[in-house]
Structures are given as C-alpha cells and as structure tokens.
Amino acid sequence: MGGRMVAEYRPEIIEPKWQKYWEEHKFYQTDEKKDKKYYVLEMFPYPSGRLHMGHMRVYSIGDVLARFLRMRGYSVLHPMGWDAFGLPAENAAIERGVHPAEWTYSNIETMKKQQKALGISYDWEREVATCDPDYYKWTQWLFLLLYKRGLAYKKKAAVNWCPKCETVLANEQVEDGKCWRCGEEVGVKDLEQWFFRITDYAERLLQDLKLLSGWPQRVRTMQENWIGKSEGALIRFSVQNSGQEIPVFTTRPDTIYGVTYLVLAAEHPLVEELIAGTEYEKEVRAFVEKTRKLSEITRTSTEMEKEGVFTGAYCLNPVNGTAVPILVGNYVLMSYGTGAVMGVPAHDQRDFAFAKKYNLPIRVVITPKDVALKAEDLTDAYIDEGILINSAHFDGMPSEQAREEIIKYLEAKGWGERKITYRLRDWLISRQRYWGTPIPVVYCEKCGTVPVPEEELPVLLPKNIQFTAGGKSPLAQCEEFIFTKCPACGGEARRETDTMDTFIDSSWYFFRYTDAKNETAPFAREKADAWMPVDQYIGGIEHAILHLLYSRFITKVLHDAGYTSAIEPFTRLLAQGMVNKDGAKMSKSKGNVVSPDEIIEKYGADTGRVFILFAAPPEKDLDWSDRGVEGSYRFLHRVWRLVDRYADAVQAPSNRVPDEEDLALRRAFHGALKKVTEDIEERYNFNTAISAIMEAVNAAYSYVNSKGEKIHPGVMKEALEFLVLMLAPFAPHLGEELWQRLGHQESVHLQSWPQYDEKALQVSEVEIVVQINGKVRGRLQVPVGLDKEAVQKLVTAEAQIARHLAGKEIVKVISVPDKLINLVVR
RNA sequence: GCCGAAGUGGCGGAACUGGCAGACGCACUUGACUCAAAAUCAAGCGGGGUUCGACCUGUGUGGGUUCGAGUCCCACCUUCGGCACCA
C-alpha cells in the first residue's frame with residue numbers, strides 16, 4: 001500500500017487510485033476455502049450501452065452486502081456478467097451497419113468500466129457473457145437436456161407474434177396485449193415452434209413458493225396468480241346422434257343439473273364435424289372466421305360483447321340425460337381448459353348474460369338457505385354457495401359438499417373425473433432472430449428431427465450475415481448455416497434456424513458463476529452445491545414472473561436430472577424500487593435523466609452510493625434529488641475533515657481515565673455500531689444504517705467542540721476507527737483512504753467488522769417519561785433499574801407533576817422499567 | 001370484479017415486540033466567522049396558543065380495544081401494483 005496523502009477530500013483522485021489498487025491485487029477474487037459461504041447476486045444487465053441509475057442502485061445494494069459479509073468473515077461470491085443476446089444488438093446492426101457482436105462487446109466494455117468506476121467489488125474472473133460460445137454451448141446443452149427428458153418439443157400452435165420485433169413471444173412476454181420489449185400490439189400466427197414443458201412443473205412451482213419465505217409476498221402472489229390453479233372436474237357430454245364426446249372443465253360441478261347449453265371455442269376441432277353438411281354450416285363458418293381474426297386482446301377484453309351461434313347439434317347432460325344445444329362462442333378460449341364450457345346461466349354471470357341475449361333456458365339448481373330462487377325473477381346469476389335443488393338425489397345438499405359428491409358420482413359412472421387446470425402454459429422458446437443461442441437441432445429427410453450430439457456443440461452462430469429490416473430471420477437466409485450433415489445418418493440435412501428465447505440464457509447463469517471456466521461441463525456439481533442456492537438475489541420487480549419463474553423451472557429440471565441439490569435458485573429476493581425524478585420515471589423524453597457518469601464526475605462514486613442508499617429503503621421507489629446528493633457529499637466531507645483533523649492526535653498515549661463525556665462518545669459509537677450492524681444484517685435498512693452513522697458523526701463533532709484540546713486519544717481513536725469501518729461498505733474508497741490515514745497498512749476491506757461492547761452502552765441514569773392518564777406530563781432523570789414504587793415516589797414529589805394530581809386519586813400505576821411511568825387518576 | 005401493498009411535517013423518510021410521533025437528511029430561518037459571498041460551525045424548524053410556565057391539537061376518514069394506538073380490531077376513502085370473459 002502507499003500513495004501520497006492529499007489534504008482535502010478529493011474523490012476524483014482517491015477513487016481511481018483505490019480502484020487500481022484493488023484491480024492489481026485481485027482483491028475481490030472469491031475465496032472458496034471458508035466454510036461460511038454467501039452468494040450475493042444482482043441481476044446481470046443487458047449491455048444496452050451505458051449504465052443508468054437503476055443499475056447504480058442495484059449494484060450499490062449488492063456491494064454493501066458483499067463488503068459487509070466479507071468483513072463478517074464470509075467467503076462471498078459476488079460475480080457479474082452480461083445478458084448479452086437480444087434484439088437491440090440486431091436493430092443496431094440494421095440501423096447502423098455494426099455487427100451485433102461488435103456492438104454488444106463494445107457496450108460491455110463501456111459498462112464494465114462504469115461498474116469499476118462505481119467501486120463495486122466483483123470477482124471479474126467469473127465474468128460471463130451469454131453471447132460467448134463458451135457460454136451458449138452450455139445453453140444448448142441445457143436445451144438437449146430438456147429434450148432428452150421430454151421437456152422440449154415442437155408443435156404447431158397459434159402463437160403470439162410481435163410484428164415490430166418480427167418474432168414470436170411467450171405468454172409471459174405479452175403484457176396487456178403488447179410486446180414486453182417494444183410495446184407493439186401482439187398478433188396471432190400459426191407456426192410450428194419449440195416449447196418447454198413448464199406446465200409439467202406447474203404444481204411444484206406453485207407448491208415450492210411456500211419455501212420462499214425470503215421473497216416478497218407480492219412476487220409470490222404474482223407467480224401464484226400466473227400459475228393460476230383451479231380445481232374442479234372434467235365432465236364428458238356425448239353428442240346426440242354421434243359417437244363424439246365433448247369434455248368440459250368446470251370448477252362448479254355442483255351446478256351440473258343447471259346446464260342448459262354448451263359453448264365451444266371457435267378453434268374447437270369438433271366444430272367443423274358438427275356442422276358439416278347441415279343448414280347451419282355457412283353461418284357457423286362465417287362466425288368462426290370472424291372470431292379467429294380478432295386479436296387476443298380484443299378477444300379477452302372484458303368489454304367484448306359475448307356472441308355465439310347455434311351449431312344445430314345437441315349433446316346430453318350425463319347426469320340427467322337432458323339434451324342441450326351446442327353453440328360456438330367468441331368468449332371461449334381454446335387455450336384454457338378443454339376449449340368447451342358448460343353453460344349454467346343461473347349460477348354464472350357470463351352465462352347469464354349470454355342466455356338472456358340468446359333466449360336460452362335458465363334453470364336454478366342452487367338456492368340460498370331461506371329464499372327460494374325462481375329463474376324468471378333473476379336479474380343476475382346467483383354465484384354464491386347454497387343448497388342444491390332440482391338436482392335429483394343431491395337435493396338439499398350444501399354446494400360445497402355437493403362438489404365433492406358429484407365428482408365421486410361422475411367418477412363412479414365413468415362420466416368424468418376430478419381435474420386440476422392451470423392458467424400457466426408451455427414456454428414458447430423459438431425466436432425468429434439472429435442474435436441468440438441457436439437451437440441445436442437438425443432436420444433430416446430420413447431421420448426427421450435430430451438433436452445435435454453434445455460433442456458437436458456449440459452450434460456456432462455464423463459471423464457473416466445479412467441484416468435487413470422486414471425480411472425473414474437472418475439465419476433462415478444463411479446457406480452456410482442451414483445446410484449441414486445429419487448427425488445420425490450423415491445425409492443432407494437442414495439446421496433449425498430459430499434461436500432460443502434469451503430468457504433461457506438467463507435462467508441458469510447463476511450456476512455458471514460457480515464454475516465459470518469449466519470446459520467440460522456447464523458446471524461441476526460440487527462447485528454448484530458449494531454455493532447454490534443464491535443467498536441473496538437483487539433485481540427489479542419487472543422480472544417478478546418472467547425471469548424468476550423461468551429460473552425456478554430450469555433449476556428444478558437441473559435438480560431432477562441430478563446436476564444440483566438446489567430445488568430453488570434464490571433463497572432471498574430483494575426487489576429494489578425504481579429510481580425516479582420529479583415523481584416520474586427517468587426518461588429522455590421527460591428530460592429528467594441523471595446518469596451515474598455525471599454523478600461520479602461531479603461528486604465521486606462514494607457520494608452517489610451513499611445518497612442512493614440513504615434516500616429510501618431499497619425496496620421502495622426512490623426520488624432522485626440533486627439537493628439530496630449535495631447533502632451526502634457534505635456528509636462525506638464532514639467525515640473526512642473529522643478523521644483528517646484527529647488522525648494524528650489520536651495516536652498519542654491515553655493515560656487519562658475517561659470522564660463522562662468520553663464515555664458518552666464511546667456510548668454513541670458503540671450504539672451506532674450496534675444499530676448499523678442490525679440494520680444491514682437483519683433488515684437491509686441501509687437508509688437508517690447511514691443515518692445512525694450520521695448521528696455518530698454529529699456526536700463526535702459535539703464532543704470535539706466541547707473538549708477542544710482535551711479529547712481522550714484512546715476513546716477518540718476507537719470512535720474514528722469504528723466510523724471508518726462502518727462506512728467502508730457504503731463508501732469503499734473513502735474507507736480505504738481514511739483507514740490508511742489512521743495509520744493502518746492493510747486494506748479496510750480486509751478488516752473484521754468490529755464488535756460492540758454491551759458494557760459501553762450502559763448508562764447510570766435514564767430519562768423516563770411521566771404520563772398522567774396516558775398523557776405525557778413530564779420527564780425525569782432517574783438511576784437505572786429503579787423500581788416502580790421508587791419511581792412513583794420521585795414522580796409524585798415533582799411540583800410539575802403534582803399539580804396534575806391535586807385532588808385526584810391514583811387508581812393504577814403502569815410502569816415500563818427505565819422507560820415510562822403512567823399514573824391513572826380519577 | 002378478485003388479490004396484494006401503501007397513506008406520517010414544505011420534501012425524502014424514521015419510530016424493531018403497543019410506551020416521548022417526526023430520528024437522519026433536504027429545504028427554510030437566525031447567529032458566528034468574513035470587507036462580502038461561498039464553505040464551515042452553532043441554534044431553531046408539525047399546527048394552534050401563550051402571561052414564555054403552560055396548555056390544546058396532530059400519523060387518510062369514522063368507530064372500537066387498551067392505563068396508553070402511527071402501530072392491534074371493524075368499516076370506509078384514496079393511491080399504486082398484479083390478475084381478469086380462466087369456465
């Protein structure tokens with residue numbers, strides 16, 4: 001260590017100095033030896049160009065934890081990498097003629113420099129970029145693993161299509177009918193695409209949410225809603241004069257006797273068969289055509305008028321043999337349940353409206369206890385629980401019980417069975433884009449679909465490629481890529497030209513960090529087991545479903561295949577809030593953008609970090625305040641001056657017995673240490689941790705102002721050392737510089753977190769609050785540990801308080817030792 | 001419609017298990033230093049009231065429990081977030 005000491009706080013000098021020092025000494029390389037291990041991870045960024053304040057916030061949070069835990073004696077894994085595949089790189093290629101790889105790697109270089117300028121303690125030896133063949137080779141391996149386990153399959157389906165991104169999207173990636181990335185309205189296309197069978201894991205993904213007590217309730221609820229479990233029954237209706245059966249899913253089997261019609265989705269495979277050659281053929285076909293043309297958004301909108309058309313066919317209600325008409329309706333979705341619903345207008349609001357519109361019969365089968373409902377009196381459906389009527393031998397049964405009994409009855413008769421349905425659908429992973437991981441599959445005329453053998457991975461992205469807007473996917477036009485030999489028979493074959501959804505790249509990267517340089521496997525199990533699951537994951541709430549659900553799924557697949565003992569990837573999750581300015585999200589169009597660069601340049605990284613952590617608790621949105629930053633800058637200056645001024649004086653021998661003031665200073669710093677430790681460790685309240693440090697600094701100024709030359713060197717030295725140690729995780733450069741100023745040779749970041757002394761916190765006197773009938777009437781200095789009676793004696797002797805007692809009778813005395821006494825008077 | 005979170009000074013926020021509401025910071029006011037300003041240091045800072053000792057009032061609204069409620073219970077209002085013809 002070394003370097004010239006400067007007299008003023010000059011972040012522009014000390015920050016680069018220490019960054020260089022840390023880099024040269026490979027300071028933050030992961031120490032794998034200790035038993036106490038902790039994995040701190042911030043969501044890796046997409047290399048879009050430059051860091052924004054959201055990045056600065058998430059890295060600052062992670063870095064405080066990483067540095068604190070190292071001081072607490074943990075081996076900390078704190079890596080960083082790049083979610084480097086994605087559309088913007090390709091758009092840059094189209095717009096500016098730069099190759100996506102070049103654009104991406106140059107952005108990575110810039111952003112990495114910025115991260116270093118923030119003083120974040122990453123282990124750069126483990127850096128990964130998902131667009132690197134050494135990485136995507138293993139993403140392809142992961143695809144093959146899912147393929148082998150029957151979890152990757154290809155099917156033709158109506159899929160979400162973003163016309164602007166010119167690719168398909170998974171359901172999770174459509175928000176409000178719009179593309180999650182570009183906001184364009186999403187349409188529908190019939191395409192043959194690759195899917196991951198995430199629905200096989202629906203129940204486990206739901207159940208294991210219970211294990212995630214370290215996640216915000218909000219995120220767990222969102223995932224629960226997304227998975228959307230419903231329990232009910234599958235009931236088969238047979239079509240009259242035909243051998244066909246129509247299965248329907250219902251959560252209300254107790255209303256089975258109230259069915260008066262059946263509705264099929266426009267896409268239902270039976271529609272064509274039912275109408276072929278009948279007088280209804282033309283009308284129904286026109287209706288189906290019209291419905292199918294509607295986009296998903298209009299079709300699923302609540303305001304959408306419910307329309308339907310009769311097919312001419314009837315089916316039989318299995319429980320009572322009643323023939324009910326079959327219709328085709330625009331509100332029934334082929335993708336949920338069975339694509340067919342039973343209509344129970346008396347007990348379902350939608351069915352009620354539909355039945356009224358088309359004059360379908362309404363049959364009441366559930367009634368509240370005391371009132372007898374009549375179909376003709378209903379103005380709305382009766383959707384609540386009740387007692388069954390008009391339901392054969394189930395009459396008089398409460399609906400809740402009837403649901404169970406009717407399922408049993410259906411099962412016994414073979415008409416249906418218990419059934420659970422999920423809203424979650426399989427994960428569509430094909431993308432018609434270039435800048436992504438190629439799907440490692442070839443199509444051979446003889447052998448059909450053949451996965452590329454593991455030893456032939458990676459299937460490399462060709463470098464030489466044409467980018468033009470509005471065309472086909474670039475890979476689909478690249479002959480050098482397409483034509484290949486079949487790995488099975490050696491004959492002519494064509495490669496799959498779709499690439500994988502980039503969410504696959506990011507659904508396993510946290511495993512790769514544990515063994516980033518492994519050339520023979522994605523990661524060694526023992527390395528992964530040493531670190532996984534991630535102890536603390538930090539990132540934006542926008543990934544509450546997408547990335548976090550996918551990562552949970554992939555982790556479970558890896559677990560089932562024996563590659564990891566982890567069943568969940570992230571033990572604790574911190575969803576950090578956004579960084580706003582003037583109450584709105586920072587955006588170029590609003591002109592309210594503040595960049596990390598300008599903050600570093602003007603005040604230094606330490607000031608920016610302290611402000612961002614001090615302004616709000618991490619999970620809340622934060623309003624950027626230029627004045628507030630000034631305040632943090634002032635605070636660091638204040639710390640600097642205090643330490644600089646007394647650094648030499650405190651080296652003097654301490655031969656004086658500490659007096660009251662000395663002890664008070666000691667108490668202030670031990671108290672602050674206690675609070676800071678608890679705030680970081682237990683509650684992640686960095687804002688209150690910093691405020692506790694500020695209070696301690698204020699106490700130190702009061703002390704030196706009062707003591708002048710007569711400060712106690714030993715007590716002051718301890719105070720300054722505590723101060724620098726406590727501040728080091730927040731302001732790491734200033735910490736280093738001041739630690740050196742205090743005469744230490746070794747880095748502050750290699751020190752142990754100090755331990756507060758319970759004895760130093762002890763006081764001889766305390767101020768207790770005196771209440772009369774619960775109102776504060778005074779305060780009193782009393783010796784610590786004084787009992788209730790003695791306090792009461794002291795209190796009643798006080799003139800200020802005695803006034804309130806005059807002519808009254810004390811009926812009750814409540815005492816909280818060393819804190820409060822409340823006299824209840826009448 | 002269903003589910004969830006949150007409402008505290010001029011502002012960001014604090015108050016951990018029911019026990020001094022407003023820590024800490026910003027802004028503002030005053031004083032010291034200065035020729036002056038900045039910086040720094042010191043003091044004040046919810047509202048009302050004042051004989052400067054009080055006292056009253058105050059954490060979205062209305063009730064309740066309690067010696068005591070920002071904190072617990074009930075009802076409501078507002079804001080934000082998620083899900084939503086899901087059968």
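By convention in this document, chain letters (A, B, ...) are assigned in the order of the sequence lines, proteins followed by strands, and residues within each chain are numbered from 1.
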Taking only Lys NZ, Arg NE, NH1 and NH2, and the carboxylate oxygens of Asp or Glu, determine whether [X] and [Y] approach each other closer than 4.0 Å.
X      : Y      : value
A:E385 : A:R403 : yes
A:R418 : A:E231 : no
A:E172 : A:R425 : no
A:E307 : A:K290 : yes

What's the closest nucleotide to the side chain of [X] if the choices are [options]?
X      : options                : answer
A:F249 : B:rC16, B:rA87, B:rC67 : B:rA87
A:V332 : B:rU57, B:rC3, B:rA87  : B:rA87
A:K620 : B:rA42, B:rC86, B:rG13 : B:rG13
A:V816 : B:rC67, B:rC85, B:rG19 : B:rG19
A:R423 : B:rC86, B:rC3, B:rC56  : B:rC86
A:N687 : B:rG13, B:rU40, B:rC83 : B:rG13
A:N330 : B:rA87, B:rC16, B:rC85 : B:rC85
A:M694 : B:rC24, B:rC55, B:rG19 : B:rC24
A:F614 : B:rC24, B:rA87, B:rA42 : B:rC24
A:L333 : B:rC3, B:rC55, B:rC86  : B:rC86

Close side-chain approach of A:N773 to A:V824, heavy-atom, < 4.5 Å | yes

A:R638 CZ to B:rA42 C1': how many Å, rounded?
-> 11 Å

Watson-Crick or G-U stems of RNA chain B, 3 or more pairs, under 3.5 Å, by first number | B:1-7 with B:77-83, B:10-12 with B:24-26, B:28-32 with B:40-44, B:46-48 with B:55-57, B:60-64 with B:72-76

Any donor-acceptor pair under 3.5 Å between the side chain of [X] and the base of [N]?
X      : N      : answer
A:Q771 : B:rG19 : yes
A:N822 : B:rC67 : yes
A:K306 : B:rC85 : yes

Testing A:I366, A:V344, A:V365 for side chain to side chain contact (heavy atoms under 4.5 Å, CB included) with A:D254, which one passes?
-> A:I366

Check the chi torsion on B:rG9 and let me know: syn if it falls within 90° of 0, anti if not.
->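 Syn, since the glycosidic angle lies within 90° of 0.
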
If I pick the [atom1] atom on [M] and the same atom on [N], what distance separates them, to the nearest angstrom?
N      : M      : atom1 : result
B:rC16 : B:rC83 : P     : 33 Å
B:rC77 : B:rU61 : P     : 15 Å
B:rA6  : B:rC72 : P     : 10 Å
B:rU8  : B:rA14 : C1'   : 10 Å
B:rA5  : B:rC86 : C1'   : 25 Å
B:rC45 : B:rA84 : C1'   : 50 Å
B:rA15 : B:rG7  : P     : 12 Å
B:rG47 : B:rG10 : P     : 7 Å

A:Y261: which of A:F237, A:Y358, A:F354 passes ring-ring contact (aromatic ring centres under 6.0 Å, His included) |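 When A:F237, A:Y358, A:F354 are each tested with A:Y261, the ring-ring contact (aromatic ring centres under 6.0 Å, His included) holds only for A:F354.
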
Using a 4.0 Å heavy-atom cut-off across all strands, classify [X] as base, sugar-phosphate, or nothing.
X      : answer
A:E682 : nothing
A:P617 : sugar-phosphate
A:R627 : sugar-phosphate

Are the aromatic rings of A:Y633 and A:Y603 close, with centres under 6.0 Å apart?
->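 Centroid separation for A:Y633 and A:Y603: below 6.0 Å.
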
Centres of the A:F614 and A:F635 rings: under 6.0 Å?
-> no

May I ask you to evaluate whether [X] reaches the phosphate of [N], defined as a side-chain N or O under 4.0 Å from OP1 or OP2?
X      : N      : value
A:R634 : B:rA27 : yes
A:R641 : B:rA39 : no
A:K775 : B:rU57 : yes

